[in-house]
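We count ligands from 1, going down the list as the structure has it; atoms in each ligand are counted the same way.
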Amino acid sequence: MLKGKTALVTGSTSGIGLGIAKALAAQGANIVLNGFGDVNGPKAEIAALGVKVAYHGADMSKPAEIEDMMKFAATQFGQVDILVNNAGIQHVAKIENFPVEKWDAVIAINLSSAFHATRLALPAMQAANKGKGWGRIINVASVHGLVASAEKSAYVAAKHGIVGLTKVTALENATTGVTCNAICPGWVLTPLVQKQVDARAAAAGISDDAAKQQLLGEKEPSLQFTTPEELGALAVFFCSPAGNNVRGVAWNMDGGWTAQ
Ligand code: NAD
C-alpha cells in the first residue's frame, strides 16, 4: 500500500518508533530511522522487509540537526511523505524538585522537535500529487496528552502541547491531501517504561512482575500493555486511503485509561 513512499520516524531505534517503522516498512515504505543507541539491529530489521533504509542521528533537541536530517531524507529518497514525530523522553519528579534542564530537554524533544520536523516537511507534502498535496503527519502523543499524572509536569505539558499542534496542523491543511493525527498510547512496555517499573520495584522492594501489575492496576483497566505492533497498525490505518478524512484526532489506545 505504501510502495514508493518514504517515512521518516524520529526516535525509531527502539520501542514504539521502531514498531511503527516496521509496520510502515511492511507496507512497502522506505524508512529513514533516527535515534540513539544500536542502529545496525534496527536497520537490519527494516531491510529484511525488502525496503530501502537510511539513518540520521540528529539530536531532536537541536533544531539545526533536525534541519540537516530533513535535508538528508530528501537527498536519500526524494522527499518525506510520512512523518512520524515519536522521539521522546520522560523525567519523573514533583514540580518544586523538577530540574530546570530536564524541563527544557523534555519540552525540546517531546514537543518542539515535532514543530521543527513538521514545518520542514510540510512544503514538499503540500506540493505533492500535482499540487493537490499528499502527506501523513503522525504525532506520537500519549494518554498524558489528554489527562495528567502527578510528577510528570514537563511530559504532560509537552504531550498536551503536541495534541494542540496536531489539531492546528490538521486545520491548516484541511483542504489538501495532507493529514495530521495523534496517537495516545497508555502503558507500552518499552525501555522508557521499564525504567519506571525498575524504580517502583526498587522503592517498594517488590519483583519486576509485581511492579508491572501495580503500574497497570493503577491506570489501565485492561491490565495489559499496548504493543508497538498495535500502534504500528494504527499508523498504517492513518496512512491508508480510509484515513483520507481523519484529521486532527487524538486517538487513544490505552486499555480504557481515559474512559474512566
Ligand atoms: P524508548 O525509550 O523505547 O524510545 C525513545 C526513542 O527516542 C529512542 O529511539 C531514543 O533513542 C530516541 N530519542 C531519545 N532522545 C532523543 C533525542 N534527543 N534525539 C533523537 N532521538 C532521541 O521510548 P518509547 O516508549 O518507545 O517512546 C516513544 C514515544 O512514545 C515517546 O514520545 C513517548 O513519550 C511515547 N509514549 C510512550 C509510552 C509508553 O508507555 N512507553 C506511552 C505513551 C507515549
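Between T13 and ligand 1, at least one N/O pair is under 3.5 Å apart. Every N/O-N/O distance between I109 and ligand 1 stays at or above 3.5 Å.
Side-chain N or O atoms of T13 include one that pairs as donor or acceptor with a backbone N or O of F36 at under 3.5 Å.
When non-hydrogen atoms are compared, ligand 1 lies under 4.0 Å from the backbone of S12 (N, CA, C, O) but not from its side chain. When heavy-atom distances to ligand 1 are checked against a 4.0 Å cut-off, K159 comes that close only through its side chain, counted from C-beta outward. At a heavy-atom distance under 4.0 Å, only backbone atoms of A58 (N, CA, C or O) approach ligand 1. In C184, neither the side chain nor the backbone holds a heavy atom less than 4.0 Å from any atom of ligand 1. At a heavy-atom cutoff of 4.0 Å, ligand 1 is contacted by both the backbone and the side chain of I16. Of the heavy atoms in L18, none comes closer than 4.0 Å to ligand 1. Under 4.0 Å from ligand 1, the heavy atoms of T190 that appear belong solely to its side chain. Proximity of D59 to ligand 1, defined as any heavy-atom pair under 4.0 Å, is shared by backbone and side chain alike.
Ligand 1 lies nowhere less than 4.0 angstrom from a heavy atom belonging to A105. The shortest separation from a heavy atom of P191 to ligand 1 is under 4.0 Å, placing the residue in contact.
The shortest contact between atom 40 (O) of ligand 1 and any protein heavy atom is with V188 N, 2.7 Å. Atom 21 (N) of ligand 1 has its closest protein heavy atom at G35 CA, 3.7 Å. Nearest non-hydrogen protein atom to atom 14 (C) of ligand 1 is I89 CG2, 3.9 Å.
The heavy atom nearest to atom 31 (C) of ligand 1, considering only V140, N34, N86, is found in N86. In this structure, of W187, F36, Y155, the residue bringing a heavy atom nearest to atom 22 (C) of ligand 1 is F36. The residue from G15, G11, P185, S14 that puts a heavy atom closest to atom 1 (P) of ligand 1 is S14.
Using cut-offs of 30° and 60° for the angle between ring planes, the F98 and W103 rings count as perpendicular.
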